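Below: the structure, in structure tokens.
Note that the structure is a prediction, hence the values are computed from the model and not measured.
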Amino acid sequence: MPQYTPPIRDMQFVMHELLEVEKHLAQFPAHTSTNRELIDQVLEEGGKFCAEVLFPINRSGDEEGCQHFRDADGRGAVKTPAGFKQAWDQFVEAGWPTLTCAPELGGQGLPHVVGMAFQEMMNSANQAWTMYPGLTHGAYDCLAAHGTPIQKERILPKLVSGEWTGTMCLTEPHCGTDLGMLRSRAEPQADGSFKITGTKIFISSGEHDLTANIVHLVLARLPDAPSGTKGISLFIVPKFVLTPAGEPGERNALQCSRIEEKMGIHGNSTCVMDFDGAIGHLVGEPNKGLNAMFVMMNAARIGVGMQSLGLMEVAYQNSLAYAKDRRQSRSLTGPKSPDKPADSIIVHPDVRRMLLTQKAYTEGSRAFAQWLALMADTMHNHPDADVRKDADDMLSLLTPVVKAFLTDNAFSTTNMALQIFGGHGYIREWGMEQYVRDARINMIYEGTNTIQSLDLLGRKVLGDNGAKLRKFGKLVSDLVEQEGTNEAMAEFVNPLADLGQKVEKLTLELGMKAFQNQDEAGAAAVDYLRVIGHLVMSYFWARMAKLALAHPDDPFYKSKLGTARFYFAKLQPETASLIKSARSGAQSLMALEPELF
């Protein structure tokens, strides 16, 4: 059976030593009271909830899955796995949905950097369950930014409290990422409402038995809408139409016609949703729905990165425990446990390679994600407009990286967990095969990793001639300059500086080629994003190594330093082949005619 222990010590290291969040939060009027003691208390209590409530129903939820049935009125309904409703009630009773929401709406008002840590632990414990509140918080963000005063008054407190949940309804059977092709219709009514008609697919948490109402945020077209993405509007379409008092009234004309039979995340209801003249209300301006929905989409992309970080952590914990316990063969340099029939498999170099890869990507990703959460807090709260702008730029630049780089690494490292377990990893009862299946979707939804790569290179980097990238590059160069004469840091800052220079050169080269042929950007984008991911990870591992060097005799820091050395020796060199591939151009990809494939 799998196991999970919340990584509180490492989270504290990132928050208090690496990022010094208390010092940063003290600059924000809204968070001056968020001190180390409060943060640690949230981590401890949140960890208990995740380990004791969510984790025990992860495997059973995967095996049972969600059940689709017809209710008394013949509408499609969904029952979540055993224990999911009880866990939701405990989640709400403890106030966890309110953690980072606005106090004026009933929230606790804690910073994103604290909420992100809790989100990681929830995803380690039970990714499928965590998607229900995760998407709800995205709906909250979207309506908080674009909802009318009445919409905010009626809906946001219910989302904050956990009485209701939210979804995002974008994809249709004939179109996924290309939302300009969507066909769902919105017919204006005399009372100012709209009747929404259409079919949406892959709707996570689209129907369930956890809450009294579900608020769907639906993209659809008005009758006179222009074609393409410029003609998309956003609508609130609740499962139960709201009464004048804001309470659930009559059942709306929508239903889950079926749930998707998926490879993983079985405990989450991924629904085909049919809207048959369902009553909806416009969010924001007509034909500007995609802009409004991007608030939710960007939050979801960061959330998917956190799903992957959570899976990396729990997969690593189980891999390490198994590698220390499982005995197989002898060390190549002679028996390490001569009194036993075989040595533990952790003595073997390739097992160590897999374990250290898991550890390096997990701990590096935690530093990256928590820093990005701090950038979100800075963007919203810092009193200096220039500092807010810089943080916004970092968030914009690196959101596709935290989504794609972390999800790629999570699928790789969960596969390593399965490999370390050997034949047992392929067997359900050990739990590793579930992590592989659950991790696989993260590379696809909320924009495939190729879409994230195109967004990074095309829009975020070349779109502003590298201005945002140079801001991150300044962080890198400042660290290199600061530590350039520190001999103990040479093994970390030298490869960091080298990669920074190569990224600068590669970006310029790709920009010139893409100016003449856009396929050049498409051919290089996936490799380019992974290079940028390594640049970010190299920066944070160099910073963590600096902290570890100051504590040479402490086992925690010795482990951190050894992992940093492994990362720079064994993982960062991947960038050489990626850069070579990115430079190879589009010719070999595009020359072959389709009929010759």
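- The distance from atom CE of M394 to atom CG of L372, rounded to the nearest 0.5 Å, is 9.5 Å.
- For D40 and Q12, the side-chain atoms include at least one donor-acceptor pair closer than 3.5 Å.
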For side-chain contact (heavy atoms from CB on, under 4.5 Å), just list the numbers for S233 and L282, CA-CA rounded to whole Å, side-chain angles, deciding distance to a tenth of an Å, and then say yes or no.
-> CA-CA 7 Å; S233 299; L282 183 68; 3.9 Å; yes

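- When all heavy atoms of V304 and K403 are compared, the pair lying nearest together is CG1-CE, 4.0 Å.
- Using a cut-off of 4.0 Å between Lys/Arg side-chain N and Asp/Glu carboxylate O, K200 and D274 are scored as not salt-bridged.
- Counting heavy atoms from C-beta outward, L19 and V14 have side chains that approach closer than 4.5 Å.
- Atom CD of Q41 sits in a sparse spot, with 12 or fewer heavy atoms from other residues, nucleotides or ligands closer than 6.0 Å.
- At a cut-off of 3.5 Å, with distance as the only test, a side-chain donor of T407 or N449 sits close to an acceptor on the other residue.
- Pairs of residues two or more places apart, or lying in two chains, never qualify as salt bridge (charged side-chain N to carboxylate O under 4.0 Å, His left out) while including a residue from residues 130-152.
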(request) Just do the side-chain contact (heavy atoms from CB on, under 4.5 Å) check on L234 and V218 with the steps written out, would you? (result) CA-CA 6 Å; L234 178 63; V218 183; 5.8 Å; no

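- In this structure, Y316 has its ring center no closer than 6.0 Å to that of Y361.
- By the neighbour-count criterion of 12 heavy atoms within 6.0 Å, atom CD1 of I150 is sparsely surrounded, having that number or fewer from other residues, nucleotides or ligands.
- Contact check on K359 versus E363 returns a salt bridge, with a Lys/Arg side-chain nitrogen under 4.0 Å from an Asp/Glu carboxylate oxygen.
- Within the structure, salt bridge (charged side-chain N to carboxylate O under 4.0 Å, His left out) contacts touching residues 302-312 (residues at least two apart or in different chains) do not occur.
- Residues satisfying the side chain to side chain contact (heavy atoms under 4.5 Å, CB included) test with Q27, not counting sequence neighbours, are H24, H382.
- Counting heavy-atom neighbours within 6.0 Å of Y426 OH, excluding the residue itself, gives a total of 12 or less.
- Of the inter-residue distances, the one linking W129 atom CH2 with F84 atom CZ reads 9.0 Å to the nearest 0.5 angstrom.
- When only modelled atom types and interatomic distance are considered, Q317 and E313 share a side-chain donor-acceptor pair under 3.5 Å.
- Screening R59, H266, K79 for a side chain to side chain contact (heavy atoms under 4.5 Å, CB included) involving E64 leaves a single residue, K79.
- Between C169 and F275, some side-chain heavy-atom pair lies under the 4.5 Å cut-off.
- Rounding to the nearest 0.5 angstrom, the gap separating the CD atom in Q127 from the CG atom in L54 is 12.5 Å.
- Taking each heavy atom of R154 and P157 in turn, the nearest pair found is C-CD, 4.3 Å.
- Looking at heavy atoms from C-beta onward, L398 lies in side-chain contact with V536 at the 4.5 angstrom threshold.
- Once rounded to the nearest 0.5 Å, the distance linking OG of S319 with CE of M312 reads 13.0 Å.
- Residues M537 and A360 share a closest heavy-atom pair of SD-O, 4.2 Å.
- The side chain to side chain contact (heavy atoms under 4.5 Å, CB included) test applied to P173 returns T199, I201, not counting sequence neighbours.
- Checking Q307 against Y445 by side-chain atom types alone, a donor-acceptor pair falls below 3.5 Å.
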>> Does I265 form a side-chain contact (heavy atoms from CB on, under 4.5 Å) with K262? I'd like the steps, not just the answer.
In response: CA-CA 7 Å; I265 54 170; K262 309 185 297 293; 3.5 Å; yes

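- Rounded to the nearest 0.5 angstrom, Q452 CD and L529 CG are separated by 8.0 Å.
- Taking D89 as the reference, K85 meet the salt bridge (charged side-chain N to carboxylate O under 4.0 Å, His left out) condition, with sequence neighbours excluded.
- Screening residues 112-132 for salt bridge (charged side-chain N to carboxylate O under 4.0 Å, His left out) gives E120-R366 as the qualifying pairs, with residues at least two apart or on separate chains.
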Hey, can you pull the donor-acceptor pairs under 3.5 Å for the side chains in residues 90-102, sequence neighbours left out?
residue : atom : partner : partner atom : Å
T98     : OG1  : G95     : O            : 2.6
T98     : OG1  : Q108    : NE2          : 2.9
T100    : OG1  : H137    : NE2          : 3.4

Please list every donor-acceptor pair under 3.5 Å in which a side-chain atom of residues 202-209 meets a protein atom from a residue at least two apart or in another chain.
residue : atom : partner : partner atom : Å
S205    : OG   : N268    : ND2          : 3.1
E207    : OE1  : K239    : NZ           : 3.3
E207    : OE2  : K239    : NZ           : 2.8
H208    : ND1  : L210    : N            : 3.0
H208    : NE2  : T165    : OG1          : 2.8
D209    : OD1  : T80     : N            : 3.4
D209    : OD1  : T80     : OG1          : 2.6

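- To the nearest 0.5 Å, the span separating CG on N442 from CZ on R301 amounts to 14.0 Å.
- Using a 3.5 Å distance cut-off with no hydrogens or angles, the side chains of Q119 and T130 do not pair a donor with an acceptor.
- Residues meeting the salt bridge (charged side-chain N to carboxylate O under 4.0 Å, His left out) test with E446, sequence neighbours left out: none.
- Put simply, the side chain of L219 reaches to within 4.5 Å of the side chain of M293, judged on heavy atoms.
- Shortest non-hydrogen contact noted between P6 and M121 is CB-SD, 3.6 Å.
- Residues W88 and P133 meet the side-chain proximity criterion, which asks for heavy atoms closer than 4.5 Å.
- Considering all non-hydrogen atoms of both residues, A278 and N252 come closest at CA-OD1, 3.4 Å.
- Defined by atom type and a distance below 3.5 Å, a donor-acceptor pair is present between the side-chain atoms of S184 and E172.
- Residues T167 and H216 have side chains that bring a donor and an acceptor to within less than 3.5 angstrom of each other.
- In this structure H380 satisfies the ring-ring contact (aromatic ring centres under 6.0 Å, His included) test together with H112, sequence neighbours excluded.
- Taking S396 as the reference, K460, K468 meet the side chain to side chain contact (heavy atoms under 4.5 Å, CB included) condition, with sequence neighbours excluded.
- In the displayed structure, E260 atom CD is contacted under 6.0 Å by more than 12 heavy atoms of other residues, nucleotides or ligands.
- Classification of the F55-Y4 ring pair by plane angle, with boundaries at 30° and 60°, yields tilted.
- For the salt bridge (Lys or Arg N to Asp or Glu O under 4.0 Å) with R251, the lone residue among D71, D276, D73 that qualifies is D71.
- When every heavy atom of M432 is checked against every heavy atom of A417, the shortest pair comes out as SD-CB, 3.9 Å.
- Judged as a side chain to side chain contact (heavy atoms under 4.5 Å, CB included), and not counting sequence neighbours, the contacts of N58 are N126, Q434, Y435.
- With salt bridges taken as basic N to acidic carboxylate O contacts below 4.0 Å, one links E247 and K158.
- For N415 (side chain) and F411 (main-chain N/O), a donor-acceptor pair under 3.5 Å exists by modelled atom type.
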